[in-house]
Participant: 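Provided herewith is a single structure, encoded as C-alpha cells, for subsequent inquiry.
Because the structure is predicted, anything quoted here is derived from the model rather than measured.
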Amino acid sequence: SFSDLRESERAFCLKQHYDALKSQGKRTDLINEIDALLNADDNDGTSALSETVTKLRTDEKLGEKYGLNRDKVAKYVRIAGLIPPLLERFDRGEITFLAAYDISFIESKEYQEILEEYLQGGYRLDTKKAALFHSCAKEGNLTEKMIVEILSGEKSETLEAAKSKTFH
C-alpha cells in the first residue's frame, strides 16, 4: 500500500500519477473547449467549459485518493525531482520532509550534487539551512560558495546580523 512505501517511492508515485492526470486533464480541457466553440449555436447555456471550472485540481484529486492534503501532494511532486543520493538521505530520515521540499528548489542537478558532496563530508542540513537554499535558489544567487556558507552556518549568521541591524 501507499503507506508502506519509502518516502522517495511515495514522491515518485505521486509525481507519475500527477503527470498522468495533468496531461490527461489538458487534453480533455482542449477537447471540451473546441467542442464548445464548434457547437456554440447548439449550446443551451450548460457549456462544457463550466465543467472544467468545477473540476477538482489535480493535486486535490491525488490528495483524496492517497489521504493527503493538496499541499503535501505538491511538495512530494517537487521532492521527486531531487537527485538519487539526496532522496536516499530523505528515505533514511537524514533530511526532513520540509528540508527536502526546500532543497528541491535547487533545480540545478550540479548544485544538488555539490550539496550532496558536502553532506558526505559531515555537514548537517537542517530545516533553517534548507530554507536558505530555497530562498537563494529563488533569487537566482545560489553558488557553490553560497552552498558552503549556508552549510557551515556562516550565511545564517550573516542573515541574523543583517536582520538585527535593520530593526535597530
Side-chain angles (χ1 to χ4, degrees), residues 1-26 55-168:
S1 80
F2 184 74
S3 61
D4 294 332
L5 297 175
R6 292 182 310 174
E7 292 289 334
S8 63
E9 292 170 334
R10 289 180 190 179
F12 282 122
C13 175
L14 287 168
K15 172 87 168 112
Q16 288 179 334
H17 200 157
Y18 179 84
D19 288 344
L21 285 174
K22 206 63 166 150
S23 65
Q24 175 189 9
K26 285 181 184 174
K55 284 196 316 186
L56 285 175
R57 292 173 43 147
T58 303
D59 47 7
E60 288 174 335
K61 285 181 186 178
L62 281 175
E64 284 180 6
K65 179 174 177 135
Y66 293 103
L68 303 169
N69 65 37
R70 75 173 219 212
D71 291 337
K72 190 108 176 186
V73 169
K75 288 176 180 167
Y76 268 120
V77 169
R78 279 210 63 91
I79 289 170
L82 292 174
I83 61 172
L86 292 174
L87 285 170
E88 288 171 20
R89 288 182 180 279
F90 177 51
D91 285 337
R92 291 191 305 254
E94 296 172 22
I95 298 176
T96 66
F97 183 81
L98 288 177
Y101 169 71
D102 279 331
I103 63 174
S104 73
F105 285 88
I106 302 173
E107 293 184 359
S108 162
K109 298 298 179 200
E110 178 186 345
Y111 285 154
Q112 286 186 18
E113 290 168 2
I114 291 168
L115 172 61
E116 171 58 21
E117 186 179 315
Y118 282 104
L119 291 175
Q120 285 178 351
Y123 284 99
R124 305 285 302 156
L125 177 68
D126 58 25
T127 308
K128 186 175 179 182
K129 290 176 183 176
L132 284 170
F133 281 125
H134 181 164
S135 175
C136 291
K138 277 179 71 175
E139 293 170 3
N141 61 3
L142 187 65
T143 62
E144 183 174 358
K145 181 181 179 204
M146 184 71 71
I147 291 171
V148 174
E149 287 177 357
I150 291 171
L151 285 174
S152 68
E154 220 176 288
K155 183 67 177 166
S156 173
E157 293 167 8
T158 306
L159 287 177
E160 292 301 321
K163 284 181 187 175
S164 64
K165 287 180 185 175
T166 306
F167 293 114
H168 286 311

Participant: Rounded to the nearest 0.5 Å, what separation is found between the CG atom of Leu132 and the CD atom of Glu149?
Facilitator: 11.0 Å

Participant: In plain terms, say whether Glu107 and Lys138 are close enough for a salt bridge, that is, a side-chain N and a carboxylate O under 4.0 Å apart.
Facilitator: no

Participant: Could you please spell out the steps behind the side chain to side chain contact (heavy atoms under 4.5 Å, CB included) verdict for Leu119 and Leu86?
Facilitator: CA-CA 9 Å; Leu119 291 175; Leu86 292 174; 3.9 Å; yes

Participant: Please check: side-chain N/O of Ser104 versus main-chain N/O of Tyr101, any donor-acceptor pairing under 3.5 Å?
Facilitator: yes

Participant: Does a salt bridge link Asp71 with Lys75, judged by any charged N lying under 4.0 Å from a carboxylate O?
Facilitator: no

Participant: Starting at CZ of Arg6, measure out to CD of Glu88 and round the result to the nearest 0.5 Å.
Facilitator: 7.5 Å

Participant: Would you compute the distance between atom OG of Ser135 and atom CG of Asn141 and round it to the nearest 0.5 angstrom?
Facilitator: 7.5 Å

Participant: Rounded to the nearest 0.5 Å, how far does CD1 of Ile79 lie from CG of Asp102?
Facilitator: 9.0 Å

Participant: Taking side chain as C-beta onward, heavy atoms only, is Leu151 less than 4.5 Å from Phe133?
Facilitator: yes

Participant: Can you measure from OG (Ser152) to NZ (Lys129) and round to the nearest 0.5 angstrom?
Facilitator: 7.5 Å

Participant: Where is the tightest heavy-atom contact between Ala130 and Leu125, given as atom of each residue plus distance?
Facilitator: N-CD1, 3.9 Å

Participant: Quick check against the 3.5 Å criterion: does Glu154 have a side-chain atom that pairs as donor or acceptor with the backbone of Val148?
Facilitator: no

Participant: Are Gln120 and Arg89 side-chain neighbours, meaning at least one heavy-atom pair lies under 4.5 Å?
Facilitator: yes

Participant: Could you check whether any side-chain heavy atom of Met146 comes within less than 4.5 Å of a side-chain heavy atom of Thr143, counting everything from C-beta outward?
Facilitator: yes

Participant: Any heavy-atom pair between the side chains of Ile106 and Ile147 that's under 4.5 Å?
Facilitator: no

Participant: Between Arg10 and Ser3, is a side chain to side chain contact (heavy atoms under 4.5 Å, CB included) present by the stated rule, with each step listed?
Facilitator: CA-CA 8 Å; Arg10 289 180 190 179; Ser3 61; 4.3 Å; yes

Participant: Heavy-atom distance under 4.5 Å between the side chains of Leu82 and Phe90, does that happen here?
Facilitator: no

Participant: Side chains of Phe105 and Arg78: closer than 4.5 Å at any heavy-atom pair?
Facilitator: yes

Participant: Counting C-beta onward and ignoring hydrogens, is there a side-chain heavy-atom pair between Ile103 and Gln112 closer than 4.5 Å?
Facilitator: no

Participant: Quick one: list whatever passes salt bridge (Lys or Arg N to Asp or Glu O under 4.0 Å) with Arg124, sequence neighbours left out.
Facilitator: none

Participant: I need the minimum non-hydrogen distance between Ala80 and Ala11, along with the two atoms involved.
Facilitator: CB-O, 3.7 Å

Participant: If you take all heavy atoms of Asp126 and Ala99, which pair is closest and at what distance?
Facilitator: O-CB, 4.4 Å

Participant: Applying ring-ring contact (aromatic ring centres under 6.0 Å, His included), can you list everything that pairs with Tyr76, at least two apart in sequence or on another chain?
Facilitator: Phe97

Participant: Considering only heavy atoms from C-beta outward, does the side chain of Arg92 approach that of Glu7 to under 4.5 Å?
Facilitator: no

